[in-house]
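Structure first, then comments.
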Amino acid sequence: MTGQDIRITGPAGTFSAYMAKPASGTGPGIVVLQEIFGVNHVMREMCDRLASQGFIAVCPDLFWRIEPGVDITDKSQAELDKAFDLMGKFNPDTGIEDVQAAIDHVRKLDGCTGKVGAIGFCLGGLMAYLTAARTDSDATVGYYGVNIPNFLDEAGKISKPLMLHIAGRDEFVPPESQAAMHTGLDPHLQVTLHDYPDDEHAFSRIEGAHYNPESAHLADSRTLEFFRKNLKSE
């Protein structure tokens with residue numbers, strides 16, 4: 001299993017991505033949708049972990065239209081300020097075009113079974129929801145996605161399985177927003193919501209300030225089972 005940087009061509013141009021393949025070289029694909037810190041070591045390690053579980057994982061640079069190659073952390077105020085500035089400039093409508101381009105790219109990779117899902121965190125959690133609504137992802141997972149209630153009118157477009165992990169004490173997703181997500185999505189037969197009532201935003205980010213290993217393990221176990229079920233070859 002060796003990760004490498006690759007290039008993906010989409011409707012607006014070519015952008016970079018990190019790819020990790022399983023030791024076998026074959027498997028379903030998963031597009032990893034970044035947090036607001038770019039394609040950093042956390043996202044690369046996520047790709048490596050997914051590859052170790054038998055998936056071809058690719059994390060595209062969703063900030064390339066604003067600033068290519070962002071790779072920062074949450075460890076300093078300057079980096080946090082930059083991350084939130086990038087999030088403010090990010091356009092989900094054009095970003096989702098890049099997600100679809102990444103899905104298309106992964107489907108055509110040597111060794112890919114043809115099934116491709118997506119997983120996203122924070123900003124990527126919102127993009128995971130939009131991926132389920134606007135792309136042909138075969139199965140999608142979002143962790144503590146922000147601003148999802150703004151797009152609940154698109155729930156009817158979700159035709160393939162979507163799982164969302166919700167942090168009950170998420171400072172960026174207040175209780176009324178969480179309630180709106182449940183009201184809008186609980187009736188949807190393709191959508192599964194899991195609540196983590198005592199956890200804060202980014203509870204699954206290893207080394208993060210709010211990392212909770214027990215909740216992270218539970219969420220990741222649910223995610224892995226979900227992908228193995230929904231991305232298996234016909």
Starting from L189, walk the hydrophobic network (Ile, Leu, Val, Met, Phe, Trp, Tyr; side-chain heavy atoms closer than 4.5 Å) and list everyone else you reach, by chain and number.
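Grouped by the 4.5 Å side-chain rule, L189 forms a cluster of one, so the answer is none.
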By side chain to side chain donor-acceptor pair (under 3.5 Å), which residues pair with [X], not counting sequence neighbours?
X	result
D61	none
T73	E79
D198	none

Closest approach of T131 to V99 (non-hydrogen atoms, all atoms of both residues)
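Nearest heavy atoms, T131 then V99: OG1-CG1, 3.4 Å.
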Taking ring pair (Phe, Tyr, Trp, His ring centres under 6.0 Å) as the definition, give me every residue that meets it alongside [X], ordered by chain and number, with sequence neighbours left out.
X	answer
Y143	F121, H165
F63	F90
Y211	none
F15	W64

Geometric class of the F203/Y196 ring pair [parallel <30°, tilted 30-60°, perpendicular >60°]:
tilted
Residues at least two apart in sequence or cross-chain that pass side-chain contact (heavy atoms from CB on, under 4.5 Å) with N147, listed by chain then number, are M87, L126, N150
Donor-acceptor pairs under 3.5 Å, side chain of residues 224-231 to any protein atom, not counting sequence neighbours: which ones?
from: R228; atom 1: NH2; to: Q53; atom 2: OE1; distance (Å): 2.6
from: N230; atom 1: ND2; to: F226; atom 2: O; distance (Å): 2.9

Not counting sequence neighbours, list each pair that qualifies as a salt bridge (charged side-chain N to carboxylate O under 4.0 Å, His left out) and has a residue in residues 116-137.
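Counting only pairs at least two positions apart or across chains, the salt bridge (charged side-chain N to carboxylate O under 4.0 Å, His left out) contacts touching residues 116-137 are D93-R134, R107-D136, R134-E154.
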Of all residues at least two apart in sequence or in a different chain, which pass the salt bridge (Lys or Arg N to Asp or Glu O under 4.0 Å) check with R44?
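D5.
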